[in-house]
Engineer: 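Dropping a structure here in structure tokens format, bear with me for questions.
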Amino acid sequence: MPALAADPGACLHEPRLRSECHVIEALNLTRTFGAVVAVSNLSFCVRPGEAVGLLGPNGAGKTTTFRLLTGSLSASSGDIRIMGRRLADSPIEARRHIGYMPENAPLYPEMTAGEYLTFRAELAGVRGKRRRQLSLEAAERAHASSELGTAIGHLSKGFRQRVALAAALIGRPDVLLLDEPTAGLDPNQVEDVRDLVRELAKERAVLVSTHILSEVEATCERALVLSQGKLVLEGRLAELQRPPEGEYVIRVRAARAEVEGAIAVAMQPGRVELEALDAERTQLTGHGDEGAMNRLLSTLLQRDVKVEEAGPRRARLSEVFQAATKGEA
């Protein structure tokens with residue numbers, strides 16, 4: 001299993017904050033509530049044009065971290081910079097660069113989507129024609145323009161999420177903090193929001209807090225894993241999911257029974273596990289070196305089994321997550 005800070009460019013333990021390189025920077029953040037330590041000595045950074053997943057089980061400190069980053073909660077110790085500005089020194093100026101979409105965003109059901117976004121723009125200090133301009137622009141970016149005249153109470157859950165996201169985009173923030181952005185959505189709505197997050201991450205720093213592992217796999221390049229308020233694992237997904245040594249995967253277009261017959265005479269029992277992906281596709285997980293994989297491939301091809309993919313097995317993000325949060329990484 002990969003070790004902490006797999007990304008060689010990570011800034012977890014840099015002795016100082018480097019505002020010229022990073023949009024979000026946290027250094028040695030700690031927050032306590034009496035005897036309870038919610039966040040402990042937490043350091044990380046997010047660069048421009050990067051989507052990073054903040055993972056952790058319930059109670060790991062994800063929401064507290066977001067509240068620290070937005071300035072709605074002060075740190076017991078440590079430092080935060082947003083676009084190079086210390087949050088403690090210039091809270092208003094730093095927060096102008098932040099768009100925050102909390103979990104269960106507070107929306108007013110009696111307002112139309114357009115009225116709500118205009119109201120949010122006014123709260124952000126935008127005046128006159130620019131207020132309407134930025135509201136319309138944010139709605140367009142969040143793909144919510146078609147519902148501006150609809151009362152929020154009459155919108156589907158998916159469109160309410162889009163309106164909440166549009167509110168976070170007012171003012172074209174450089175930093176986007178999304179707390180459980182797909183909570184409660186159906187599969188089609190989830191995919192729509194994921195597409196939006198990927199699109200928005202091209203232009204700004206995006207930090208997505210979630211306990212849904214597939215959310216991070218679908219939208220992020222890098223992950224931070226929290227457990228009991230501490231950062232226990234950090235790295236790019238490709239690095240975190242390095243294959244366990246001596247394991248490989250072969251996917252074929254053939255029913256499981258056909259594959260079993262093809263490899264029965266060539267493989268030792270227990271060295272290959274079969275999983276039917278559907279009626280016509282099977283996955284073989286083998287244990288052995290590259291030579292073992294090549295021998296199995298040769299057997300399959302000789303029996304006219306169509307091979308779709310073959311290579312080292314990547315660790316599932318769930319395996320990485322469980323190992324990290326149980327102290328095994």
Engineer: In terms of side-chain geometry, is the basic nitrogen of R198 or E191 positioned less than 4.0 Å from the acidic oxygen of its partner?
Structural biologist: yes
Engineer: Between E122 and T118, is there a side-chain donor-acceptor contact under 3.5 Å, judged purely by atom types and distance?
Structural biologist: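 Per modelled atom types, T118 and E122 side chains form no pair under 3.5 Å.
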Engineer: If only side-chain N and O atoms count, and only distance matters, is there a donor-acceptor pair under 3.5 Å linking E93 with S90?
Structural biologist: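 The criterion, which ignores hydrogens and geometry beyond distance, is not satisfied for E93 and S90.
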Engineer: Inspect the surroundings of CD1 in I92 and state if more than 12 heavy atoms from other residues, nucleotides or ligands are less than 6.0 Å away.
Structural biologist: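 Count not over threshold, so no.
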Engineer: At what distance, to the nearest 0.5 angstrom, does CD1 of I212 lie from CD of E217?
Structural biologist: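 The CD1 atom of I212 sits 12.0 Å away from the CD atom of E217.
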Engineer: Kindly indicate whether the side chain of L42, heavy atoms from C-beta on, has any atom under 4.5 Å from the side chain of K230.
Structural biologist: no
Engineer: When hydrophobic residues are tied together by side-chain contacts of less than 4.5 Å, even through go-betweens, does L54 share a cluster with Y100?
Structural biologist: yes
Engineer: Stepwise, does the side chain to side chain contact (heavy atoms under 4.5 Å, CB included) test hold for R120 with S135?
Structural biologist: CA-CA 8 Å; R120 286 294 301 269; S135 299; over 6 Å; no
Engineer: Should we say atom CD of Q228 is surrounded by more than 12 heavy atoms from elsewhere, each under 6.0 Å from it?
Structural biologist: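 No.
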Engineer: Test salt bridge (Lys or Arg N to Asp or Glu O under 4.0 Å) on E275 and R281 and set out the steps.
Structural biologist: CA-CA 9 Å; E275 177 186 356; R281 296 170 64 248; over 6 Å; no
Engineer: Among the clusters formed by ILVMFWY side chains lying less than 4.5 Å apart, do V272 and V305 turn up in the same one?
Structural biologist: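 Yes; tracing contacts between hydrophobic side chains, which count when under 4.5 Å, links both residues.
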Engineer: Using modelled atom types and a 3.5 Å cut-off, is there a donor and acceptor pairing between side-chain atoms of E50 and backbone atoms of R47?
Structural biologist: yes
Engineer: Salt bridge or not between E280 and R256? Use side-chain N to carboxylate O under 4.0 Å.
Structural biologist: no
Engineer: Between R251 and E309, is there a salt bridge with N-O shorter than 4.0 Å?
Structural biologist: yes
Engineer: Under the side-chain contact (heavy atoms from CB on, under 4.5 Å) test against V206, which residue among V197, V23, L177 passes?
Structural biologist: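 Only one of V197, V23, L177 forms a side-chain contact (heavy atoms from CB on, under 4.5 Å) with V206, namely V197.
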Engineer: For a quick test of reading the model, state the closest non-hydrogen atom pair linking C220 to L237 and the distance between them.
Structural biologist: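 So the minimum-distance heavy-atom pair works out to O-CD1, 3.3 Å.
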Engineer: By side-chain hydrogen bond (donor to acceptor under 3.5 Å, both in side chains), which residues pair with R172, not counting sequence neighbours?
Structural biologist: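 R172 satisfies side-chain hydrogen bond (donor to acceptor under 3.5 Å, both in side chains) with E137 only.
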Engineer: Under 3.5 Å, side chain of K62 to main-chain N/O of G56, donor-acceptor pair present?
Structural biologist: yes
Engineer: I'd like to check F44 versus L207 (side-chain heavy atoms, cut-off strictly below 4.5 Å). Are they in contact?
Structural biologist: yes
Engineer: Tell me if the NZ atom of K306 is crowded by more than 12 foreign heavy atoms within 6.0 Å.
Structural biologist: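 Result for NZ/K306: open.
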Engineer: Who are the salt bridge (charged side-chain N to carboxylate O under 4.0 Å, His left out) partners of R160, not counting sequence neighbours?
Structural biologist: none
Engineer: Nearest 0.5 Å please: distance from the CE atom of M293 over to the OG atom of S298.
Structural biologist: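 Interatomic distance, M293 CE to S298 OG, rounded to 0.5 Å: 12.0 Å.
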Engineer: With rounding to the nearest 0.5 Å, note down the distance linking OG1 in T150 to CE in M111.
Structural biologist: 15.5 Å
Engineer: Do L178 and L185 belong to the same hydrophobic cluster, where Ile, Leu, Val, Met, Phe, Trp and Tyr are linked whenever their side-chain heavy atoms lie under 4.5 Å apart, directly or via other members?
Structural biologist: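 Yes; L185 is reachable from L178 via cluster members.
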Engineer: Between E234 and V225, does a side chain to side chain contact (heavy atoms under 4.5 Å, CB included) hold up when you go through it step by step?
Structural biologist: CA-CA 6 Å; E234 187 272 348; V225 182; over 6 Å; no
Engineer: Treating S227 as the side-chain partner and V232 as the backbone partner, does any N or O pair qualify as donor plus acceptor under 3.5 Å?
Structural biologist: no
Engineer: Between I250 and L296, is there a side-chain heavy-atom distance shorter than 4.5 Å?
Structural biologist: yes
Engineer: If you define the side chain from C-beta out and look only at heavy atoms, does anything of L117 sit under 4.5 Å from L148?
Structural biologist: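 They are in contact (side-chain heavy atoms under 4.5 Å apart), so the answer is yes.
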Engineer: Checking salt bridge (Lys or Arg N to Asp or Glu O under 4.0 Å) for the pair D192/R162: CA distance, chi angles, key distance, verdict?
Structural biologist: CA-CA 9 Å; D192 286 344; R162 292 187 190 189; 3.0 Å; yes
Engineer: Can any side-chain N or O of T30 pair as donor or acceptor with the backbone N or O of N41 at less than 3.5 Å?
Structural biologist: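 Pair found, side chain donor or acceptor close to backbone of N41.
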Engineer: Is there side-chain contact between V259 and L274, with at least one heavy-atom pair below 4.5 Å?
Structural biologist: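 The answer is yes, as the side chains (C-beta and beyond) meet within the 4.5 Å cut-off.
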Engineer: Between CG of L196 and OG1 of T219, what distance do you get to the nearest 0.5 Å?
Structural biologist: 11.5 Å
Engineer: Donor-acceptor pair, distance only, cut-off 3.5 Å: does the side chain of E203 make one with the backbone of L200?
Structural biologist: no
Engineer: In sequence, state the C-alpha distance, the side-chain angles, and the governing distance for I98 and L69, and then conclude on side chain to side chain contact (heavy atoms under 4.5 Å, CB included).
Structural biologist: CA-CA 9 Å; I98 298 173; L69 292 174; 5.7 Å; no
Engineer: Kindly determine whether T63 and E103 satisfy side chain to side chain donor-acceptor pair (under 3.5 Å), including the steps that lead there.
Structural biologist: CA-CA 9 Å; T63 297; E103 184 180 9; 5.2 Å; no
Engineer: In Å and rounded to the nearest 0.5 Å, what is the CD1 to CD distance from I80 to E25?
Structural biologist: 11.0 Å
Engineer: So, for V216 and G53, which heavy atoms are closest and what is the spacing to 0.1 Å?
Structural biologist: CG2-CA, 4.0 Å
Engineer: Applying side chain to side chain donor-acceptor pair (under 3.5 Å), run through N28 and S43 and close with a yes or a no.
Structural biologist: CA-CA 5 Å; N28 301 328; S43 297; 3.2 Å; yes
Engineer: Passes side chain to side chain contact (heavy atoms under 4.5 Å, CB included), E199 versus H143? Steps please.
Structural biologist: CA-CA 12 Å; E199 177 185 334; H143 300 176; 4.0 Å; yes
Engineer: Of all heavy-atom pairs between A138 and I170, which one has the smallest distance, and what is that distance?
Structural biologist: CB-CG1, 3.8 Å
Engineer: Taking all heavy atoms of T182 and all of Q161, pick out the closest pair and write down the distance.
Structural biologist: N-NE2, 4.1 Å
Engineer: Hydrophobic cluster membership, with links at side-chain heavy-atom distances under 4.5 Å among I/L/V/M/F/W/Y: are V190 and L176 in one?
Structural biologist: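 Yes; tracing contacts between hydrophobic side chains, which count when under 4.5 Å, links both residues.
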Engineer: Taking side chain as C-beta onward, heavy atoms only, is L165 less than 4.5 Å from P181?
Structural biologist: no
Engineer: If I compare all heavy atoms of G99 with all of P173, which pair ends up nearest, and what's the gap?
Structural biologist: N-CB, 3.5 Å
Engineer: Quick check: do L73 and F66 have side-chain heavy atoms less than 4.5 Å from each other?
Structural biologist: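 Side-chain contact under 4.5 Å: no.
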Engineer: Is any side-chain heavy atom of H154 less than 4.5 Å from a side-chain heavy atom of E147?
Structural biologist: no
Engineer: Taking all non-hydrogen atoms of both residues, which atom of A94 and which atom of L87 are closest, and how far apart?
Structural biologist: CB-CD1, 3.7 Å
Engineer: Check for a donor-acceptor pair, side chain of T299 on one end and backbone N or O of R295 on the other, with a separation under 3.5 Å.
Structural biologist: yes
Engineer: Are any side-chain N or O atoms of S209 and backbone N or O atoms of E180, one a donor and one an acceptor, separated by less than 3.5 Å?
Structural biologist: no
Engineer: Please determine, by modelled atom types, if S145 and E140 share a side-chain donor-acceptor pair under 3.5 angstrom.
Structural biologist: no
Engineer: Do V193 and V163 belong together in a cluster built from hydrophobic side chains that touch within less than 4.5 Å?
Structural biologist: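 Each belongs to a different hydrophobic cluster.
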Engineer: In terms of the angle between their ring planes, are Y108 and F119 parallel, tilted or perpendicular, with boundaries placed at 30° and 60°?
Structural biologist: perpendicular
